[in-house]
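What follows is a short report on a single structure.
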Amino acid sequence: MSAATGSPELPAAPTTLTAVLGHEDDPGTAEALHALRHAGAVEVLHVDEADAPRRRLRVVSDRGREYAVALPRGTGLVDGAVLHLDPASAVVVRTRAAQRLRLRAVDPAAALRLGFLAGHLHWTCETGDGVLDVVVQGRAEDHLARVADLLAAGAVTLEDP
């Protein structure tokens, strides 16, 4: 409660960041960030790899400050993206690698079932070399439960990523 008014205090609204201003490796940006790092004025937003493509999200920085990220269509976050930069402070993104499951279908029929299931569940996946790399969103056990019958039948195998 506020002592002056006797009413409950509301939490501060998050600071909104609406654009990727550049990358920490850009020459001019790197120079400015170098000076700000020495002054301890660079905040880091840790974003999971699975959330990096999102345009809207709330993130708490390494300093405990809440930010609302609201990017334009077609813009995503990458490791090293600079979302705020002025002479006194900066905000930089660090992406954390997501856990992955590597699933291999033993034949074309199993691959079709696995692909249909991954699409139906809206899993974020990458394909290549006959495997499906699934980005785990939540618990790995929940993902594996969805393909348990395929694993039990030997139609799909789980490999080390």
Side-chain angles (χ1 to χ4, degrees), residues 14-34 36-37 42-85 89-161:
T15 301
T16 302
L17 303 169
T18 60
V20 174
L21 304 177
H23 192 273
E24 67 181 347
D25 292 338
D26 297 340
T29 304
E31 188 175 319
L33 287 173
H34 180 77
L36 289 169
R37 281 189 177 107
V42 176
E43 281 187 83
V44 177
L45 300 183
H46 292 282
V47 176
D48 291 332
E49 178 186 24
D51 290 331
R54 293 179 51 198
R55 294 185 309 113
R56 299 192 184 290
L57 64 149
R58 284 196 177 201
V59 183
V60 176
S61 77
D62 62 339
R63 305 246 173 107
R65 195 169 303 150
E66 186 177 11
Y67 288 93
V69 178
L71 301 175
R73 207 175 281 268
T75 304
L77 299 173
V78 296
D79 191 63
V82 178
L83 302 180
H84 170 77
L85 181 61
S89 64
V91 176
V92 178
V93 172
R94 286 281 168 259
T95 56
R96 294 183 284 226
Q99 180 184 5
R100 294 176 182 269
L101 297 175
R102 176 167 281 186
L103 302 171
R104 180 180 301 275
V106 299
D107 59 32
L112 186 61
R113 287 184 61 202
L114 180 61
F116 173 80
L117 183 62
H120 179 72
L121 295 171
H122 301 278
W123 285 353
T124 301
C125 305
E126 294 177 7
T127 59
D129 297 329
V131 297
L132 185 69
D133 282 325
V134 179
V135 175
V136 175
Q137 296 173 328
R139 298 177 340 134
E141 295 81 17
D142 295 338
H143 287 67
L144 291 172
R146 297 299 196 133
V147 294
D149 62 328
L150 295 172
L151 291 166
V156 171
T157 58
L158 178 64
E159 299 181 354
D160 289 329

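Keep in mind that this is a model prediction, so the values were computed, not measured.
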Check whether any side-chain heavy atom of D149 sits under 4.5 Å from a side-chain heavy atom of R113, and report yes or no.
-> yes
Below 4.5 Å, heavy atoms only, C-beta onward: do R94 and V92 meet side chain to side chain?
-> yes
Measure the spacing between OG1 of T15 and CD of E43 and express it to the nearest 0.5 Å.
-> 8.0 Å
When rounded to the nearest 0.5 angstrom, what is the spacing between CG in L150 and CG in L144?
-> 11.5 Å
Below 4.5 Å, heavy atoms only, C-beta onward: do L36 and L85 meet side chain to side chain?
-> yes
Under the 3.5 angstrom rule, does the side chain of D79 hit a backbone N or O of T95 as a donor-acceptor pair?
-> yes
For the residue pair V20 and A81, what are the closest heavy atoms and their distance?
-> CG1-CB, 4.0 Å
Closest heavy-atom contact between L33 and E24?
-> CD1-CB, 3.5 Å
State, with a plain yes or no, whether a side-chain heavy atom of R100 is found less than 4.5 Å away from one of E49.
-> yes
Is R37 atom CZ crowded by more than 12 heavy atoms from other residues, nucleotides or ligands, each under 6.0 Å away?
-> yes
What closest approach, in Å, do A155 and A110 show between heavy atoms, and which atom pair accounts for it?
-> O-CB, 3.3 Å
N/O donor-acceptor pair under 3.5 Å between R54 side chain and L77 backbone = no
V69 vs V93 side-chain heavy atoms within contact, under 4.5 Å = no
Considering residues at least two apart in sequence or located in another chain, which fulfil the side chain to side chain donor-acceptor pair (under 3.5 Å) criterion with D26?
-> none
Are there more than 12 heavy atoms of other residues, nucleotides or ligands under 6.0 Å from atom CD of E159?
-> yes
Partner of V156 under side chain to side chain contact (heavy atoms under 4.5 Å, CB included), chosen from L132, V106, L114 = L114
Determine, stepwise, if the pair L158 / L103 fulfils side-chain contact (heavy atoms from CB on, under 4.5 Å).
-> CA-CA 5 Å; L158 178 64; L103 302 171; 3.8 Å; yes
Heavy atoms of other groups near H46 NE2, more than 12 under 6.0 Å | yes
To the nearest 0.5 Å, how far apart are CG in D133 and CG in L101?
-> 9.0 Å
Which distance, rounded to the nearest 0.5 Å, do you find between the OG1 of T16 and the CZ of R58?
-> 8.0 Å
Side chain R55, main chain L71, donor-acceptor under 3.5 Å = yes
Report the residues that fulfil side chain to side chain donor-acceptor pair (under 3.5 Å) with D48, sequence neighbours left out, ordered by chain and then residue number.
-> R96
Check for a donor-acceptor pair, side chain of D129 on one end and backbone N or O of V131 on the other, with a separation under 3.5 Å.
-> no
Sub-4.5 Å side-chain heavy-atom contact between D160 and R102 = no
With the side chain counted from C-beta on, respond yes when H84 and Y67 share a heavy-atom pair under 4.5 Å apart, and no when they do not.
-> no
Heavy-atom closest pair, residues A68 and P14 | N-CB, 3.9 Å
